[in-house]
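Hydrogens, waters and symmetry mates play no part in the numbers below; they use all other heavy atoms, side chains included.
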Amino acid sequence: MPYFLLILVVIMFSGNIIIGKAINDLPPYTIAFLRLVVAFIVLLPIGLRSARQYKETFFKYKKPFLIMTLTGITFFNTFIYASLQFTTSTNVSVLETIIPVVTVILSAYILKEKIYKIQWLGVFVSLLGAMWVVMDGNIFQLAAIEWNIGDAIMIGAIATWAIYSIFVKQYMPLFPNYGALLVMSGLSVLVLLPVVILEWIILGVPAFDAGNMAGILYLGVFPSFLAISMYNSAVDKVGASKSSIFLNLLPVFTMAGAAVWLGEDVTFTQVGGALTVIAGVIVTTQGDRISRRRI
């Protein structure tokens with residue numbers, strides 16, 4: 001069941017990249033702010049009661065809770081939207097493949113998760129497959145990619161999500177799921193509000209059309225609410241390292257979504273890369289069982 005949830009998470013996160021790129025005529029902080037406003041409104045009727053009941057817990061563990069809020073909810077997607085203003089979705093996808101590796105390393109050293117050799121193999125196989133999909137098999141052209149300020153911004157996204165995953169494993173079970181997401185969304189709205197006001201003063205208040213509003217609604221309901229909730233549940237059950245490795249499926253689902261919705265062609269090379277990612281994910285998630293049987 002946790003792995004099924006993680007597949008749904010990846011599907012919704014792939015939509016996050018596609019929609020985020022489609023509406024990037026809106027300023028990045030505006031997108032991040034409005035998606036969280038939508039998430040807060042959706043969560044309000046289902047999370048308010050539990051948030052009130054656990055208010056003492058929120059205050060007791062305010063420091064780790066604030067770290068989870070700022071890393072996973074406030075700034076992770078803000079970094080992504082900001083980077084998409086300067087770089088391509090291909091560069092973003094390449095850099096996102098680093099997130100599982102960083103998370104696995106942090107899980108091993110901070111959470112002391114037991115990572116078997118076969119699981120490390122699975123991590124790097126999935127990493128290779130994900131890059132293969134993004135580069136359409138021309139993996140040696142990575143060195144020829146023109147990196148820019150947007151790619152530097154993506155480093156912030158990599159760091160924040162890895163830190164978020166570690167803290168979710170340690171502290172999220174202390175809080176009610178919907179209540180915690182409600183408070184996180186509310187705090188993030190407050191943090192981003194002055195930044196958005198400054199953005200509108202500098203750039204002007206953006207014009208919103210039906211397409212932009214539909215995109216904001218999708219981002220607020222699916223990646224910001226449902227996907228985060230499912231990811232937190234999965235991390236609690238199977239750990240940060242196994243959960244994060246599913247993020248290497250992002251290029252696969254993004255490729256599939258672009259083929260279905262945008263009519264983009266999918267090559268046999270990309271299909272081969274997708275199968276490699278899937279193999280790597282299976283090895284990583286099942287490797288501990290295989291290693292224990294050998295012992």
Starting at [atom1] of [X], measure out to [atom2] of [Y] and round the result to the nearest 0.5 Å.
X	Y	atom1	atom2	result
Leu249	Ser126	CG	OG	8.0 Å
Leu181	Phe225	CG	CZ	7.5 Å
Phe86	Met154	CZ	CE	14.0 Å
Lys62	Leu187	NZ	CG	13.0 Å
Leu111	Thr103	CG	OG1	10.5 Å
Leu48	Leu43	CG	CG	11.0 Å

Check Asn77, Thr74, Leu193 against Ser188 for a side chain to side chain contact (heavy atoms under 4.5 Å, CB included) and give me the one that passes. Thr74
Name of the residue among Leu192, Asn212, Leu217, Ile216 meeting side chain to side chain contact (heavy atoms under 4.5 Å, CB included) with Leu34: Ile216
Would the distance check show the side chain of [X] and the main-chain N or O of [Y] forming a donor-acceptor pair, the cut-off being under 3.5 Å?
X	Y	value
Ser14	Ile11	yes
Ser224	Val221	no
Ser229	Leu226	no

Is there a path from [X] to [Y] through hydrophobic residues (I, L, V, M, F, W, Y) whose side chains come within less than 4.5 Å of each other?
X	Y	result
Ile155	Ile98	no
Leu174	Met68	yes
Leu121	Val104	no
Ile31	Leu190	no
Ile149	Ile202	no

Give the minimum heavy-atom separation between [X] and [Y], together with the two atoms involved.
X	Y	result
Val191	Pro194	O-CD, 3.4 Å
Phe79	Thr160	CE1-CG2, 3.7 Å
Ala39	Gly220	CB-O, 3.4 Å
Pro223	Met12	CG-O, 3.7 Å
Pro173	Val168	CD-O, 3.5 Å
Ile73	Met184	CG1-SD, 3.7 Å

Below 6.0 angstrom between ring centroids: does that apply to Tyr29 and Phe33? no
is_close_aromatic(Tyr61, Phe65), centroid dist under 6.0 Å: no
I want to check something: taking the side chain as every heavy atom from C-beta on, are [X] and [Y] in contact at a cut-off of under 4.5 Å?
X	Y	result
Leu8	Phe222	no
Phe246	Val9	no
Tyr81	Leu219	yes
Ile7	Tyr3	no
Phe175	Val183	no
Leu198	Val195	no
Asn16	Arg35	yes
Val125	Leu128	no

Run Tyr231 and Ser165 through side-chain contact (heavy atoms from CB on, under 4.5 Å) and show every step you take. CA-CA 9 Å; Tyr231 184 81; Ser165 298; 2.7 Å; yes
Walk me through it: do Tyr164 and Asn232 pass the test side-chain contact (heavy atoms from CB on, under 4.5 Å)? CA-CA 10 Å; Tyr164 174 74; Asn232 291 347; 2.7 Å; yes
Test side-chain contact (heavy atoms from CB on, under 4.5 Å) applied to Pro206 - qualifying residues, sequence neighbours left out: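 side-chain contact (heavy atoms from CB on, under 4.5 Å) list for Pro206, sorted by chain: Leu26, Pro27, Thr30, Trp200, Phe208.
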side-chain contact (heavy atoms from CB on, under 4.5 Å) for Ile228 and Phe13? Distances and angles first, verdict last. CA-CA 9 Å; Ile228 292 290; Phe13 277 177; 4.3 Å; yes
Working for side-chain contact (heavy atoms from CB on, under 4.5 Å), residues Tyr171 and Ile67: CA-CA 11 Å; Tyr171 295 102; Ile67 291 174; over 6 Å; no
Exceeds 12 heavy-atom contacts within 6.0 angstrom, atom OH of Tyr54: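 Result for OH/Tyr54: open.
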